[in-house]
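What follows is a set of notes on a single structure, which appears directly below.
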Amino acid sequence: MSTPAPTLDFELALAARCGPGRRIVVGIDEVGRGALAGPVAVGACAIEIIDGRTPALPEGVRDSKKLTARRREALVEPLRAAAAGSAVGWASPGEIDEVGIMPALTRAALRALEALELEIDAILLDGDVDVLSAALASASGTAPLVELRVAADRDCASVSAASVLAKVARDALMVELDEQTPDYCWASNKGYGSAVHREAIDRLGAHEQHRRSWRLTSTVPALAPPAPPSLPAPLASPAPPAAAPRLETPSAPAEPRRSDPAVVEAAASTTAAGVLWDDDWHLYEGKERR
């Protein structure tokens with residue numbers, strides 16, 4: 001039995017909760033969370049809803065995993081034309097290593113939302129982990145309503161559209177990176193852990209586009225987290241005559257600095273930098289290999 005096509009029913013319900021008039025609801029989805037190489041991409045598709053009415057998205061919009069590459073690419077321009085706004089936000093492999101995958105997803109999602117340049121009323125987020133509310137609440141102004149829904153990329157048309165936008169953009173980037181560094185075969189594996197990709201890492205070592213805090217292969221260890229910088233011990237006061245010299249206790253090491261502190265703090269419940277990630281660990285089971 002075929003899967004029913006996604007609808008805008010949930011988007012319309014969110015708009016109704018925000019009140020009458022013109023409302024902007026944004027569907028969000030990520031691509032590349034489980035890859036070994038390349039950035040994570042977050043797509044955003046904004047839907048304009050006026051008193052319960054909204055233009056339809058193009059026929060054939062589905063979760064990007066359910067579409068061929070050719071069909072995804074053909075949908076991008078019609079999607080952009082039909083949506084009130086669309087964007088893709090990114091977080092680099094270095095950022096993933098620095099703060100962990102979930103805070104990196106927060107950064108990418110915030111960048112996608114900012115690129116829309118719209119006043120957003122509600123956000124529909126695929127999955128069951130809210131990576132946005134705390135970060136949005138810490139910003140100035142009124143935070144949009146954030147609604148989580150498991151399988152939103154399957155059921156909600158705006159989220160399906162966001163997954164298509166993110167997938168096409170990230171695949172194109174991985175093809176460009178493959179042209180510069182063809183040994184890892186990123187044009188075909190898109191940075192995921194295929195056998196040929198892992199063999200190339202064994203043979204050549206990790207590239208700057210690899211997430212080096214992850215377990216890349218059985219033979220290439222992840223980078224250890226950087227040691228926090230140590231401060232020199234304070235100068236001792238002169239000892240009184242005939243007294244034994246005092247030993248000074250060194251100061252505690254300073255905490256390492258991190259960029260975008262508000263975003264990192266908003267995702268404080270997630271993993272800290274430097275953790276040895278395994279792309280096959282249980283949280284990613286069943287998640288996209290796309």
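This one's a predicted model, so the numbers in the text were calculated from it and none came from an experiment.
- Residues Cys156 and Glu11 form a side-chain contact, since some pair of their non-hydrogen atoms from C-beta on lies under 4.5 Å apart.
- What you find for Arg33 and Ile101 is that their closest heavy atoms are CG-CG1, 3.6 Å.
- In this structure, CD1 in Ile49 is found 9.0 Å from SG in Cys18, a value given to the nearest 0.5 Å.
- With Thr106 contributing its side chain and Met102 its backbone, the two residues share a donor-acceptor pair below 3.5 Å.
- Annotation: side chain of Leu79 is not in contact with side chain of Ser86 (no heavy-atom distance under 4.5 Å).
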### Query
What do the steps show when you test Phe10 against Val25 for side-chain contact (heavy atoms from CB on, under 4.5 Å), and what is the final call?
CA-CA 10 Å; Phe10 291 99; Val25 178; over 6 Å; no
### Query
Under the side-chain contact (heavy atoms from CB on, under 4.5 Å) criterion, do Arg198 and Leu216 qualify, and how do the steps go?
CA-CA 7 Å; Arg198 292 184 185 274; Leu216 299 176; 5.6 Å; no
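- Residues Asp97 and Ser213 come closest through the heavy atom pair OD1-OG, 2.6 Å.
- The CZ atom of Arg53 lies 11.0 Å from the CD atom of Glu48; values are rounded to the nearest 0.5 Å.
- When every heavy atom of Arg72 is checked against every heavy atom of Val164, the shortest pair comes out as O-CG1, 3.7 Å.
- Between Asp202 atom CG and His197 atom NE2 the span is 10.5 Å, to the nearest 0.5 Å.
- Listed for the Asn189 side chain is a donor-acceptor partner under 3.5 Å among the backbone atoms of Tyr184.
- Rounding to the nearest 0.5 Å gives a distance of 12.5 Å between CZ of Arg203 and OG1 of Thr217.
- Between Pro58 and Ala82 the shortest heavy-atom distance is CD-CB, 4.0 Å.
- Side chain of Glu95 to backbone of Ser92: a donor-acceptor contact under 3.5 angstrom is found.
- Between Asp153 and Ser163, the side chains place no donor N or O within less than 3.5 Å of an acceptor N or O (distance only, hydrogens not considered).
- Ring orientation note: the planes of His210 and His207 are nearly perpendicular, at an angle over 60° on the 30°/60° scale.
- Contact of the Asp130 side chain with the Leu132 side chain is registered, since non-hydrogen atoms from C-beta on lie closer than 4.5 Å.
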### Task
Dump the intermediate steps for side-chain contact (heavy atoms from CB on, under 4.5 Å) on Val42 and Trp90, then the final yes or no.
CA-CA 6 Å; Val42 173; Trp90 305 86; over 6 Å; no
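- Side chain of Glu30 to main chain of Gly43: no donor-acceptor pair is present (N/O by atom type, distance under 3.5 Å, no hydrogens or angles).
- To the nearest 0.5 Å, atoms CZ (Arg154) and NZ (Lys66) are separated by 8.5 Å.
- When all heavy atoms of Leu8 and Ala157 are compared, the pair lying nearest together is CD2-CB, 3.7 Å.
- Between Arg23 and Gly19, the closest heavy-atom pair is NE-O, 3.3 Å.
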### Task
Go through the steps for Glu147 and Leu125 under the test side-chain contact (heavy atoms from CB on, under 4.5 Å), then give the verdict.
CA-CA 6 Å; Glu147 183 82 359; Leu125 188 61; over 6 Å; no
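- The closest side-chain heavy-atom distance from Leu14 to Leu145 is below 4.5 Å.
- Partners of Arg80 according to the side chain to side chain donor-acceptor pair (under 3.5 Å) rule, which considers only residues two or more places apart in sequence or in another chain, are Glu77.
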### Task
Check step by step if salt bridge (charged side-chain N to carboxylate O under 4.0 Å, His left out) holds for Glu176 and Lys190.
CA-CA 10 Å; Glu176 290 180 14; Lys190 304 303 186 291; over 6 Å; no
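- Residues Val26 and Val129 fall within the same hydrophobic cluster, defined by Ile, Leu, Val, Met, Phe, Trp and Tyr side chains chained together at heavy-atom separations under 4.5 Å.
- Within the 4.5 Å cutoff, no side-chain heavy atoms of Met174 are placed close to those of Asp171.
- Using a 4.5 Å heavy-atom cutoff, the side chains of Gln209 and Thr181 are not in contact.
- Between Asp126 and Arg149 there is no salt bridge, since no side-chain nitrogen of the basic residue lies less than 4.0 Å from a carboxylate oxygen of the acidic one.
- In this structure, Glu199 places its CD atom where more than 12 heavy-atom neighbours from other residues, nucleotides or ligands lie under 6.0 Å away.
- The only option from Arg211, Arg107, Arg212 that meets the salt bridge (charged side-chain N to carboxylate O under 4.0 Å, His left out) definition with Glu98 turns out to be Arg107.
- In this structure, the side chains of Ile123 and Ile28 come closer than 4.5 Å at one or more pairs of heavy atoms.
- The hydrophobic cluster containing Leu204 also contains Leu177, counting ILVMFWY residues as joined when their side-chain heavy atoms lie under 4.5 angstrom apart, directly or transitively.
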### Query
Checking salt bridge (charged side-chain N to carboxylate O under 4.0 Å, His left out) for the pair Lys167/Asp29: CA distance, chi angles, key distance, verdict?
CA-CA 10 Å; Lys167 173 64 174 168; Asp29 198 21; over 6 Å; no
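- With contacts defined as side-chain heavy-atom distances shorter than 4.5 Å, the pair Asp63/Asp155 does not qualify.
- The CG atom of Leu118 lies 11.0 Å from the CD1 atom of Ile47; values are rounded to the nearest 0.5 Å.
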